[in-house]
Amino acid sequence: MKTIQGKFVAEPERFEFSAAPMHQFELQRRDFFKILGAGIAVFVVAKEALAAQETAPGSPSFHNEEPPREISSWLHVGEDGTVTGFTGKAEMGQNIRTSISQTIADELRVPFESVRLVMADTTLTPFDAGTFGSRTTPTMTPQFRRVAEAARNLLIGVAAKEWNVAPEGLVAADAKVADPSSNRSLTYGELARGKSLAQNLPAEDPVTPATEWKVAGKPLPKVEGRAFVTGSHQYTSDIRLKGMLYGKVLRPPSFGATLTSYDDSAAKAMSGVTVVRGGDFVGVAAPSAHEAQKAIDSIRTQWKEMPQVSSKEIFSYLIKNAEPTSNERFRHEEGSAEQGLSSAAHRLDATYNVAYIAHAPLEPRAAVAQWADGKLTVWTGTQRPFANRDELASIFHIRESSVRVIVPDTGAAYGGKHTSDAAIEAARLAHAAGKPVKVVWTREEEFTWAYFRPAGVIEVKSGVAADGRLTAWEFHNYHSGMSGIETPYDVANQLTQYHQVPLVLRSGSYRGLAATANHFARETHMDALARLVKMDQLEFRMKNLSDARMRAVLEAATKSFGWPRKKTQEGQGFGLACGFEKGSYVATCAELAVDRSSGNARVVRVAEAFECGAIVNPDGLRNQVVGAIIQGLGGALFEAIEFENGRIKNPHFATYRVPRFRDVPEIEAILLDRKDIPSAGAGETPIMAIAPAAGNAFFDATGTRLNDLPLVSNGLRAA
Amino acid sequence: MAKLMEIEVNGKRYAVNYPPDTPLLHVLRDELGLTGTKYGCGEGQCGACTVLLGGAPRRSCQIPVSAVAAKPITTIEGLEKEGKLHPVQQAFLDAGAFQCAYCTSGMVMSSVGLLQTNANPKQEEIVQFLQGNICRCGTYPRIIEAVKHAAKLMQGSAR
Ligand code: FES
Ligand code: FES
């Protein structure tokens with residue numbers, strides 16, 4: 001049986017697409033000021049890049065014609081006092097437009113409302129590898145603090161010069177520099193007037209500690225919230241350009257099918273319709289969406305299909321087709337797992353399966369492409385605008401500087417919008433039609449032709465001493481990935497290994513990556529081990545944990561939940577799970593209720609403690625944490641992609657069940673604010689522990705151990 | 001075949017020339033430029049495309065344009081009156097009841113529909129009514145909060 005490879009090869013160990021190489025930034029300094037007007041600008045430069053610069057770190061460099069390479073964030077203060085931050089990161093609902101603006105306002109000492117953020121535009125913003133891996137907060141927050149601090153110092157310097165006083169005595173506050181000794185003050189706008197000052201600075205300047213934050217750390221509302229409640233915000237799919245056509249792509253009947261016969265004469269005869277064919281790519285552009293659909297429907301094709309693995313046999317297939325690996329990156333050993341197992345008082349081995357699931361962002365993939373003078377502009381909701389730009393440049397054989405990718409704030413992604421599929425389709429059709437083209441995927445296309453969180457099999461062997469101490473831990477992950485694969489528990493003898501398997505379905509990033517699968521296996525296994533040695537779940541974990549941050553989230557979650565709880569009803573159960581990934585910690589308690597007559601299981605209450613260092617915006621963070629718990633419930637309980645013969649069998653919301661209002665439990669989110677620890681990202685880790693917590697609660701309620709995700713896809717109907 | 005029809009949207013009448021079975025959603029978005037109403041599935045499953053038809057919330061992806069000629073349509077763009085947000089919009093804003101906000105138009109329109117027939121809905125009634133609207137970001141608890149808050153705002157202004 002043949003394996004169908006996706007168009008790309010996902011980075012195997014984590015299913016996070018690898019970062020594109022760094023690129024020279026194209027915008028010349030004079031262009032920068034031309035676009036923004038005169039004023040004060042500051043750039044953060046990566047340290048390695050700075051070494052190659054003529055200018056000494058931290059000193060003003062007014063003579064460089066070109067802004068430095070490898071810049072990762074900029075700030076501009078205009079003559080009217082407008083503050084503009086620039087970042088290559090994209091806003092997709094994680095609320096970073098707000099949290100970054102807070103950081104800038106805080107450090108520059110300006111009102112929050114006066115900060116504007118230009119995001120994810122390959123012509124206007126500095127290079128960025130992409131918005132994924134919970135990297136925005138840990139990288140952008142300190143960088144914008146540094147640029148804002150430098151800009152503030154520049155402004156103070158200008159004022160000092162103006163008044164001919166020492167800068168040390170001046171105070172910056174409320175978008176003004178004041179001289180308390182003489183009661184003079186000048187606004188930032190006044191100070192920036194007529195200037196074109198720029199400064200580079202190294203990435204390692206000290207930053208204001210979280211204890212001194214004034215605007216950051218506050219629960220400020222989403223920037224431009226009004227545009228969303230009035231419907232005026234333009235997502236990619238809402239953009240309409242003059243003369244724009246609507247594009248539609250002909251999809252093969254199954255993955256990997258190849259075109260054997262083709263007749264597009266009827267489509268070509270339709271007025272205003274452009275048909276494009278290149279290899280197996282067939283698409284049309286037409287004046288309206290329904291004409292495009294009609295044209296596509298009129299094209300007659302025959303395809304050669306090939307036999308493929310189905311969801312029924314996927315787990316045994318993954319084990320059988322694992323690649324022999326000698327790659328040390330995929331293997332971690334301490335002590336001897338073998339010896340630890342043989343000396344254990346109790347042994348427990350188990351296998352866990354995790355299904356493919358879909359991101360299903362509510363805004364499907366979309367792109368609008370426009371060509372002018374050999375240059376291409378594409379609006380698209382992608383997490384990797386610069387990589388999209390490079391792909392487009394290479395496909396159309398034009399320079400990267402001839403492609404501009406702009407990412408409007410997007411209708412979510414969850415790791416699902418790394419690729420440039422819709423952008424390529426729109427660009428290709430626009431090229432052929434000689435007019436701008438919009439392509440918006442249908443829900444069915446989104447469920448079928450996007451990519452999935454990979455399925456996986458996890459095998460665990462373990463041993464525990466009579467007193468409840470872990471003596472051995474052996475953990476093998478097949479295919480799903482390495483995120484969160486290492487145990488946080490203290491165990492002297494351990495072996496952790498990731499086994500690569502060639503792609504079956506097109507797979508890629510997903511919120512939390514494999515951390516959900518690995519935590520599901522580990523924390524389900526820990527639950528079973530605790531029962532084996534007859535210890536309480538919390539006590540058993542604490543006995544094997546020395547990591548103070550993990551202990552703290554466990555304590556906070558269980559305290560809020562009231563762990564250990566006594567059952568008061570038939571079919572009630574309680575479960576616990578915890579974990580650590582990407583610099584943040586999570587512990588989740590779940591209460592589940594099983595209705596024996598209907599077979600329905602419902603999570604009714606969740607208490608989750610989360611800690612990601614210093615909190616930048618508690619309101620936005622709470623929204624992320626609660627949202628992650630709810631989204632995680634879908635993959636925990638019922639989400640699974642079914643496939644057979646290269647076809648997705650449930651590519652609709654009617655057959656692929658996602659969490660809805662009725663599925664939502666009562667949720668307590670406990671946010672631990674560690675002002676002494678740098679802020680980590682929070683978009684992913686809060687999703688990891690809900691699945692094992694729910695599964696453990698199911699066992700507590702029923703005595704049945706469920707080792708597969710989703711837990712109860714068939715036993716559970718839409719209530 | 002395209003057919004000339006008249007429809008009324010947000011108090012304005014428009015002549016549109018479309019095949020009668022074209023979903024209202026497409027006419028609103030592509031013809032009238034009212035893109036606040038979203039496409040989420042085109043299958044009546046997600047509620048992103050919800051508009052008010054004669055005051056009642058309906059999935060515009062499921063309604064052929066020919067079926068709406070007699071009834072006035074309200075979209076998200078038609079809620080704001082003289083620069084003042086509808087109480088439901090204000091409540092969503094106050095509650096921060098969105099993340100990516102792609103579901104927001106549909107949620108707001110459905111909630112307006114609910115509050116028109118039930119001025120003070122209980123938690124269970126809100127859940128029941130909004131069950132057909134998906135928020136993939138999982139903002140459901142805040143949306144419920146926003147609907148309750150909107151009910152209070154509306155009662156306050158009615159008094
Ligand atoms: S787009 Fe109409 S219900 Fe989803
Ligand atoms: S806020 Fe993203 S779908 Fe609801």
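Protein chains get the first letters and strands the later ones, always in sequence-line order, with residue 1 at the start of each. As the structure is a prediction and not an experimental result, all values here were calculated from the model.
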Determine the minimum heavy-atom distance between [X] and [Y], stating which atoms define it.
| X | Y | result |
| --- | --- | --- |
| B:Tyr102 | A:Ser237 | OH-OG, 3.7 Å |
| A:Val626 | B:Pro141 | CG1-CG, 3.8 Å |
| A:Arg226 | B:Gly83 | NH2-O, 3.0 Å |
| A:Phe653 | B:Gly40 | CE1-O, 4.0 Å |

Backbone N or O of A:Pro659 within a donor-acceptor pair of the B:Tyr140 side chain at under 3.5 Å? yes
Given 3.5 Å as the limit, does a donor-acceptor pair link the side chain of B:Arg136 with the main chain of A:Pro361, or not? no
Can you measure from CZ (A:Phe661) to CD1 (B:Ile143) and round to the nearest 0.5 angstrom? 4.5 Å
To the nearest 0.5 angstrom, please state how far the SG atom of B:Cys41 sits from the CD atom of A:Glu446. 12.5 Å
With chain A, which of [options] has the greatest number of heavy-atom pairs at distances under 4.5 Å?
| options | answer |
| --- | --- |
| B:Thr139, B:Val108, B:Asp30 | B:Asp30 |
| B:Thr35, B:Leu34, B:Leu85 | B:Thr35 |
| B:Ala97, B:Pro19, B:Gly78 | B:Pro19 |
| B:Glu43, B:Arg142, B:Glu124 | B:Arg142 |
| B:Cys137, B:Cys46, B:Gly96, B:Gly36 | B:Cys137 |
| B:Leu130, B:Leu93, B:Val88 | B:Leu130 |

Could you tell me which of [options] has the largest number of non-hydrogen atom pairs under 4.5 Å with chain B?
| options | value |
| --- | --- |
| A:Ile630, A:Val440, A:Asp409, A:Ile629 | A:Ile630 |
| A:Ile667, A:Ile239, A:Val664 | A:Val664 |
| A:Thr442, A:Asn95, A:Thr410 | A:Thr442 |
| A:Ala654, A:Pro221, A:Ser232, A:Pro219 | A:Ala654 |
| A:Ala360, A:Gly634, A:Ala413 | A:Ala360 |

Is [Y] close to [X] at the side-chain level, that is, under 4.5 Å between some pair of heavy atoms?
| X | Y | value |
| --- | --- | --- |
| A:Thr230 | B:Gln89 | yes |
| B:Cys100 | A:Leu362 | no |
| A:Asp238 | B:Lys38 | yes |

Checking heavy atoms, do the side chain of [X], its backbone, both or neither come under 4.5 Å from chain B?
| X | result |
| --- | --- |
| A:His290 | side chain |
| A:Gln234 | side chain |
| A:Tyr246 | side chain |
| A:Asn623 | both |

Please state whether the rings of A:Phe228 and B:Phe98 are parallel, tilted or perpendicular, taking 30° and 60° as the class boundaries. tilted
Measure distances from [X] to the heavy atoms of chain A and classify the residue's part below 4.5 Å as side chain, backbone, both or neither.
| X | result |
| --- | --- |
| B:Glu80 | side chain |
| B:Arg29 | both |
| B:Tyr39 | both |
| B:Ile134 | both |

Looking at A:Arg240 and B:Glu31, is there a salt bridge between them, counting it only when a charged N and a carboxylate O are closer than 4.0 Å? no
Ignoring hydrogens and geometry beyond distance, is a side-chain donor-acceptor pair present between A:Gln94 and B:Gln99 at under 3.5 Å? no
Short side-chain donor-acceptor distance under 3.5 Å, B:Gln128 and A:Arg662: yes
Got more than 12 heavy atoms from elsewhere within 6.0 Å of NZ, B:Lys71? no
